[in-house]
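Predicted model, so just to flag it, every value in this text is computed and none were measured. Numbered from 1 within each chain, the chains take letters A, B, ... in sequence-line order.
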There are 4 protein chains.
Amino acid sequence: MTTQPRPDMQRDAERTRAELLAVATEVFAESGYSGARVDEIAERTRTTKRMIYYYFGGKEQLYMAVLENAYRGIREAEQRLQVDHVDPVVAMRRLAELTFDHHLDHQAFIRLVSIENIHRGEYIGRLDSLRTLSRPATSVLDEILARGREKGVFRTDVEALDVHIVISSYCVFQVANRYTFGFLFDVDFTELGQRAHMRRMIGDVVVGWLTTR
Amino acid sequence: MTTQPRPDMQRDAERTRAELLAVATEVFAESGYSGARVDEIAERTRTTKRMIYYYFGGKEQLYMAVLENAYRGIREAEQRLQVDHVDPVVAMRRLAELTFDHHLDHQAFIRLVSIENIHRGEYIGRLDSLRTLSRPATSVLDEILARGREKGVFRTDVEALDVHIVISSYCVFQVANRYTFGFLFDVDFTELGQRAHMRRMIGDVVVGWLTTR
Amino acid sequence: MTTQPRPDMQRDAERTRAELLAVATEVFAESGYSGARVDEIAERTRTTKRMIYYYFGGKEQLYMAVLENAYRGIREAEQRLQVDHVDPVVAMRRLAELTFDHHLDHQAFIRLVSIENIHRGEYIGRLDSLRTLSRPATSVLDEILARGREKGVFRTDVEALDVHIVISSYCVFQVANRYTFGFLFDVDFTELGQRAHMRRMIGDVVVGWLTTR
Amino acid sequence: MTTQPRPDMQRDAERTRAELLAVATEVFAESGYSGARVDEIAERTRTTKRMIYYYFGGKEQLYMAVLENAYRGIREAEQRLQVDHVDPVVAMRRLAELTFDHHLDHQAFIRLVSIENIHRGEYIGRLDSLRTLSRPATSVLDEILARGREKGVFRTDVEALDVHIVISSYCVFQVANRYTFGFLFDVDFTELGQRAHMRRMIGDVVVGWLTTR
DNA sequence: TATGAATGAGGATTCATTCAT
DNA sequence: TATGAATGAATCCTCATTCAT
């Protein structure tokens, strides 16, 4: 009697793996690497803890799979950020604002990034797949910057990566440091007025900076 | 000969407590709250694990003491940031750069802040002492901004807190997101040239932004 | 060949749980709640300490499981106490004596009851299963009392619960207060002559009391 | 310079010791031997934990001092139980009722007795002072019984110790088993009506029993 | 006689992981 | 591919007791 791989079984396997990954993403983002509990991940799943070892090998590998998956997803989402406007100043402002929104939409990811930095990037550093993944996200910036320089509206001593750092730091901050900053300065970054204010501000900052001669 | 309150005994207790606090600060900053081990903290000390419970009551209270102490220390250090220059533009640039340096000098603190944000600020929120501690650090900004506005060189729709957010996010980022950002974009934030570049840049950003009419 | 739910595996779990419960009953009865050691319970078992947490959740829950199990067992044993004699006086005496024997046979249980009372019943009070368990043990008394009243041999101002209190207190006392009473009055409640004397006496007391006009 | 024993110091010492003993009695009665915390005893005192070791030697010796002190106090209180009535039936009923009240008045003591029995009397057994303390409390019973027998109203096959067991078990029970019994049978032994009922009942029981021919 | 600091041994609990089926 | 049972190695915490002054 021969055993044949049933196609639906294959699919079930994929589904189980995907479910574990999704739940693990939540739990790691929620509690950090050390704080996350393998038991909790399993419990929030329809499968058992044993499957984590079956599919991923252990907590560490699961965490790394979560990291990789999250970065891959973000990369794809970023590539969908399209800013098509002829005026580079308008385009730059839009990009800043879209990035702002984008971070708000992916808070779990930003928490994962914070967590990974707490671990000094030791896990992401072992993810060769991310290393070979095409360098992210600065091509749009490159292009806007180039057009702005051509038109003579942008300063010429700034590179795409510089702008990316400025925008990223600001956008990450609103999510990653929300709690302590909010507590100490009595601001609520989630309040809609404050959020709109901050969204406008990052455009002002970047455009103001870049258009300085 | 008069009997005086034995200062050495008093000091021994104080010393033990202080040593525990110092080591705990290191370990928590290193490994996070869940990742930190009470045993490790004790081992790095001249005393025993038991003393943690004697002086602080437990891991959680020790962590909160670390948080409080770190914030208090930072507050004091911040208050020493003096920027006295008549020209508000120069002053603003200096403040940005000093803040940049200041963050570099207190990386453990910034890691603690990241960690606390991963915990959604649940511990800092219970530190009433921090709540009542005078609102931090914007008075210098207030003053520079006011002078700049008077002189007509700064835009008038920006508040001190706004500037603080921009500067803070950038300065925190260089420390807190160093690992993942460095890995993905192949930059080394600790390399001296890069560091100088970024130091200059935060001045450019803030001044460029604020001097936009 | 049909696949059946593996009864042996199921049973192994049940066996482990049951063994833990049995040993825990001994140890708690021996040393009290605070005095009992989780380690000791585990050591007397073929399994490990870890299993206590796996099956019960903790020391407290294990203790409560022990309590519940003990009460349930006693209830069943009590229901087997049958006194069928036409003469209510004879029946009453027999019931008293059987209860006396019954207490002697379940000394661990009585120790557990003492222990739980030291804790002011805080654990038993949380055992809803015991609360909903049918009220125990007075139905036999009810019936004997009713027959005795009908025949005019028993006083009519006494309820089953009253008789139960008198019998219980006496029977519990011989077990629960054996050591201090024995020491102070130089009696040995375990000595067979003394035991027979006391067994006869509880019958005398109850019958004498109930047959008083 | 000579050090002289100050008389008030002597008295302070006595006071400290007495306070420790009083508080320890409370705490041991409250929590049992294993459950009681040396720290808690000290904290409830104006002195420090060190004094327990200074005055008593350790937890165990403190507990034994508590036991001894409690028994001595009870003995004295018992000796004040006077029942002077010519009619032995009335006297016996009174004695039962006074004993009932007496137990209600000394619940901490009864808890201590329960606790000591949980420990199988191992501590009281080492208190030689209690052993040599005159045999307690049956002299009054002896006398009432003798008068009752003389008058022909009491049965003759009952000794003082027997009566003492019956009364004691009942009176101890109302205090020592209050919680579990109350829970299971839904009775409240502290409710005044129930208490009065039970007080009358022990008189009925004893008198009914003793006056049976 | 008194005190605050200190401690080692033990005690309860948790965790990631593996085994048997 | 899946599962419930099992586990050893930590991990946090507590306790009675002693030390230095």
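D:Ile52 places its CD1 atom 16 Å from the P atom of E:dT1, with the value rounded to the nearest Å. Note: CD (A:Gln61) to P (E:dA16) measures 13 Å, nearest angstrom. Taking atom CG of residue C:Leu62 and atom P of nucleotide E:dG11, one finds them 16 Å apart after rounding to whole Å. Rounded to whole Å, the distance from CD1 on C:Ile41 to C1' on E:dA12 is 11 Å. Across the protein-nucleic acid pair, A:Leu20 atom CG and F:dT1 atom P stand 13 Å apart, rounded to whole Å. Atom-to-atom, CZ of D:Arg50 to P of F:dT21 comes out at 15 Å; the value is rounded to the nearest Å. Across the protein-nucleic acid pair, A:Arg15 atom CZ and F:dA2 atom C1' stand 16 Å apart, rounded to whole Å. In this structure, the CZ atom of C:Phe56 is 13 Å from the P atom of F:dA5, given to the nearest Å.
Each of C:Gly58 and A:Glu60 has a nearest nucleotide on DNA chain E; the 5'-most of these lies closest to C:Gly58.
For A:Tyr54, counting side-chain heavy atoms from C-beta on, the closest listed nucleotide (F:dG4, F:dT1, E:dT17) is F:dT1. With distances taken from any side-chain atom of C:Lys59 to the nucleotides E:dT3, E:dA12, E:dT18, the minimum falls on E:dA12. If you check F:dT7, F:dA5, E:dT3 against the side chain of C:Thr47, the one that comes closest is F:dT7. When distances run from any side-chain atom of B:Arg37 to the nucleotides E:dA16, F:dC12, F:dA5, the shortest one goes to F:dC12. Residue C:Tyr55 has its side chain nearest to F:dA6 when only E:dT17, E:dT7, F:dA6 are considered. When the nucleotides E:dA16, F:dG8, F:dA2 are ranked by their closest atom to the side chain of A:Lys49, E:dA16 comes out on top.
A salt bridge between B:Arg44 and B:Glu19 is absent, with no side-chain N of the basic residue lying under 4.0 Å from a carboxylate O of the acidic one.
In the model, B:Arg17 has no side-chain atom that pairs as donor or acceptor with a side-chain atom of B:Tyr55 under 3.5 Å.
Using a 30° and 60° split on the angle between ring planes, D:Phe28 and D:Tyr33 fall in the parallel class, below 30°.
The phosphate of E:dA6 (OP1 or OP2) has no side-chain N or O of B:Tyr53 nearer than 4.0 angstrom. For the OP1/OP2 pair of F:dG8 and a distance below 4.0 Å, the side-chain nitrogens and oxygens of C:Thr48 include no atom meeting the criterion.
Nucleic acid contact class of B:Ala36 (heavy atoms, under 4.0 Å, all strands): sugar-phosphate only.
Partner assigned to E:dG4 is F:dC19, using Watson-Crick or G-U wobble distances below 3.5 angstrom. The partner of E:dT13 is F:dA10, by the rule that a Watson-Crick or G-U pair needs both atom distances under 3.5 Å.
Within the 3.5 Å criterion, the main-chain N or O of A:Ile124 finds a donor-acceptor partner in the side chain of A:Glu116.
Heavy atoms from other residues, nucleotides or ligands lying under 6.0 Å from CZ of D:Arg126 number more than 12.
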